[in-house]
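Contents: one structure, followed by commentary.
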2 protein chains.
Amino acid sequence: MARPVQQRRVTIVDVARHAQVSTTAVSKVLRNAYGTSPAMQQKVHQAIADLGYRPSAAARGLRGQTYTLGVMVPDIANPFFPEILNGVTASLRDSSYQVLLAPGCAGEQAEARTIESMIDRSMDGIILIAPISPRAHLEHVAGIIPTVIVGRHARSAIYDTVADDDIAGAALVVDHLVELGHRRIAHVEHLETEPSCIEEMPNMIRAEGYRRAMRRHGLDAEIDVVSRTYTREGGYTGARELLERPNRPTAIFAGADIAAMGVLDAVAEAGLSVPGDISVAGYDNTTFASFSQVSLTSVDQAGWQIGADAARLLLERIADRSRRSAQVKLSPTLVVRTTTAPPPTP
Amino acid sequence: MARPVQQRRVTIVDVARHAQVSTTAVSKVLRNAYGTSPAMQQKVHQAIADLGYRPSAAARGLRGQTYTLGVMVPDIANPFFPEILNGVTASLRDSSYQVLLAPGCAGEQAEARTIESMIDRSMDGIILIAPISPRAHLEHVAGIIPTVIVGRHARSAIYDTVADDDIAGAALVVDHLVELGHRRIAHVEHLETEPSCIEEMPNMIRAEGYRRAMRRHGLDAEIDVVSRTYTREGGYTGARELLERPNRPTAIFAGADIAAMGVLDAVAEAGLSVPGDISVAGYDNTTFASFSQVSLTSVDQAGWQIGADAARLLLERIADRSRRSAQVKLSPTLVVRTTTAPPPTP
DNA sequence: ACTGTCGTGGGTAACGTTGCCCAAATGTTT
DNA sequence: AAACATTTGGGCAACGTTACCCACGACAGT
């Protein structure tokens, strides 16, 4: 039954007393503020080490910075997001910032609550990955807390953005499939049920890129889009619908690898072979796409780089909140694997 | 250049003034504390709604609770962890708690820093998934903050645990393979580089369960374990080593699906077929295992349930810090798919 | 010697919330 | 009618940190 006594936390006051200086002095040393002699710094650092002092984020939050950054991801089960996150944490390795992930945001309501809760926790800045909130709400949020938006295609004066060129990415896939000889190329898109920001979302841009590329190749009549979600389930039901068409497509372009997974499920279930009967392509080039049993042709949008850029921009904005907003647009590349091949000869 | 003015946050004082009551009264209503009449509650709630008030977690943290729970995951790229997390958030749906995820802890040092940072942020409780810190350190942490440990096989008086019966899980796989006629069954385990808590870790228990089951079947001489990590890379290099054995195994049991992915990569690269030439089994029954192109035989350890139980225990412990510690042990089940079959007849 | 500047350090008042206590009003028992 | 219990609400002092000021001594330029 030996229970350790609930010892009081070491505070800045304890450090000050131990180092025989004022709390102000300790605070200054902690923040590398102006007005501290090397001798005092030495004393203070020694005291901090002796006592094992750690600043309280709560108390700091009440006054100023918390050295905490929040990242909101729409769906942690999607293997693309960990890559972005790795880029973020890599960028922050040498800083004193800690990253916290806010998971589970299904729907605009839940997303708003999640963002609110990050603000409540006085985070120093937030990175929102493909948020579905209306533009006005994002600007409102960005007015309260430094914000970087990942994925959305719209510039704002008060928040920075990092996005992949989804028009180009979708074109890469269509061009590749057309070059292989495909004409009936279908697309599985992600459609938000609460459509308040439709035209800025990466998923919509991808669908638009698909349509434009199809038209460019004179395939207007073959444009065929099914609307689901970027999940395995979404890809599965979407592909089921496509495979039941009287004249079924010879290629399916899923807007995300995770949806392509579902497409492959449906194709296998229908007893069709890939790429013999039907070609399949994805988007994101997740680790799953490179898996030997899958070997999915996919668009690489450099998730790591996206995360790294987002973190960098966020730190810059925290340092200078009135600086001009920046927009980073990254160019995707196509990684051709074995799920795409010429269509079957009839 | 219209920049929204940085408006001051609405505080409890504003609410109190607007509702014509004291700040104490507002605080009581917020916390459903004793001593508030229905009439006052009504007034206060109205004022809160009018002003859009949100309590500051920082200020709360300085005094008491922050209504924030932290979850530490060892590797967000492993698709098993999102399942646990979904269980956690589902359990907390109707509570006022917010979950934050602390990502990226490679090594004991990084893990300790991550835990420290959750304590610094005055979280109300933490869930540590398969932490690698020494036992003593975990007990130290649990003395400071309510803690639930997931995966570790050791009971403590001051923290609760939730774990899968890894001995039984490993036995399920070995029994299944033996029944199919396999004898040369190898295992890819996860080995921590900093071995301070070896014998409690789920990965070690799985390896031990494998050894025991092999002995039970009189296959002592066939025991063959390669030590890597539970990653795709680990599974890949581990399988490469196994496949180069003069008398290579007819079945490989990877301690995690994510490692099984790498095993399948290596097997494919070697030009062998699954399950024709070699059977492969995993652990965790992640969504990846059920994927049609993979169809991996795997042990289901009910990640969702693990997360839900962990969250429940944590709430109980927050409510009563001196309650007796609880240990939940869940029974795994085997999901047989198409990567396991009788060994090739020589 | 007298003023001004700079480097160094400290005092103090917030920041927003809640736990503890007390006061007044109301109800209940003797 | 007096004594006592209960309900309802408020005052006040922390919690740990930092921004803003001011004080002191040293030193340079007049």
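Letters A, B, ... mirror the listed sequences (proteins, then strands); counts begin at 1. Predicted, not measured: the structure shown is a model, and the values here were computed from it.
- Other residues, nucleotides and ligands contribute at most 12 non-hydrogen atoms within 6.0 Å of the CD atom of B/Q20.
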message: Determine whether A/S27 and A/R31 satisfy the following criterion, side-chain hydrogen bond (donor to acceptor under 3.5 Å, both in side chains), listing intermediate values before the conclusion.
response: CA-CA 6 Å; A/S27 176; A/R31 294 171 293 119; 3.1 Å; yes

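- D/dG16 atom C1' lies 15 Å from atom CZ of B/R121, rounded to whole Å.
- For A/Q65 and D/dG16, the CD to C1' distance is 16 Å, given to the nearest whole Å.
- Scanning atom types as modelled, one donor and one acceptor separated by under 3.5 angstrom connect the side chain of B/K28 and the base of D/dG10.
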task: Decide side-chain hydrogen bond (donor to acceptor under 3.5 Å, both in side chains) for B/S322 and B/D320; before the verdict, give the C-alpha distance in whole Å, the side-chain angles of both, and the deciding distance to 0.1 Å.
output: CA-CA 6 Å; B/S322 64; B/D320 175 11; 3.2 Å; yes

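- Side-chain nitrogen and oxygen atoms of A/R60 include at least one within less than 4.0 Å of the OP1 or OP2 phosphate oxygen of D/dT18.
- The separation between A/D120 atom CG and C/dC15 atom C1' is 16 Å, rounded to whole Å.
- Residue B/R17 contributes atom CZ, which lies 13 Å from atom C1' of C/dG16 at whole-angstrom precision.
- The interatomic distance linking B/L30 (CG) with C/dG19 (C1') rounds to 15 Å, in whole Å.
- Ranked by how close their nearest DNA chain D nucleotide is to the 5' end, B/S22 and B/L62 are led by B/S22.
- Note: CE (A/M40) to P (C/dG9) measures 5 Å, nearest angstrom.
- Listed pair A/Y53 / D/dT17 meets the phosphate criterion, a side-chain N or O lying under 4.0 Å from OP1 or OP2.
- For A/T24 and C/dG10, the shortest distance from a side-chain N or O to OP1 or OP2 is not below 4.0 Å.
- The side chain of B/R31 lies closest to C/dG19 when the candidates are C/dG19, C/dG10, D/dG10.
- Taking atom CD1 on B/I12 and atom C1' on D/dG10, their separation rounds to 13 Å, with Å as the unit.
- Take the nearest nucleotide of DNA chain D for B/Y34 and for B/R63: the residue whose nucleotide is more 5' is B/Y34.
- Annotation for B/R155: atom CZ does not count as buried by contact number, only 12 or fewer foreign heavy atoms lying within 6.0 Å.
- Residue A/T11 has no polar side-chain atom (N or O) positioned under 4.0 Å from OP1 or OP2 of D/dG16.
- To the nearest angstrom, C1' of D/dG16 lies 17 Å from CD1 of B/I119.
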message: What verdict does the side-chain hydrogen bond (donor to acceptor under 3.5 Å, both in side chains) test give for B/S325 and B/D160, after you've listed the backbone C-alpha separation in whole Å, the side-chain angles of each residue and the deciding distance to 0.1 Å?
response: CA-CA 5 Å; B/S325 73; B/D160 304 310; 4.8 Å; no

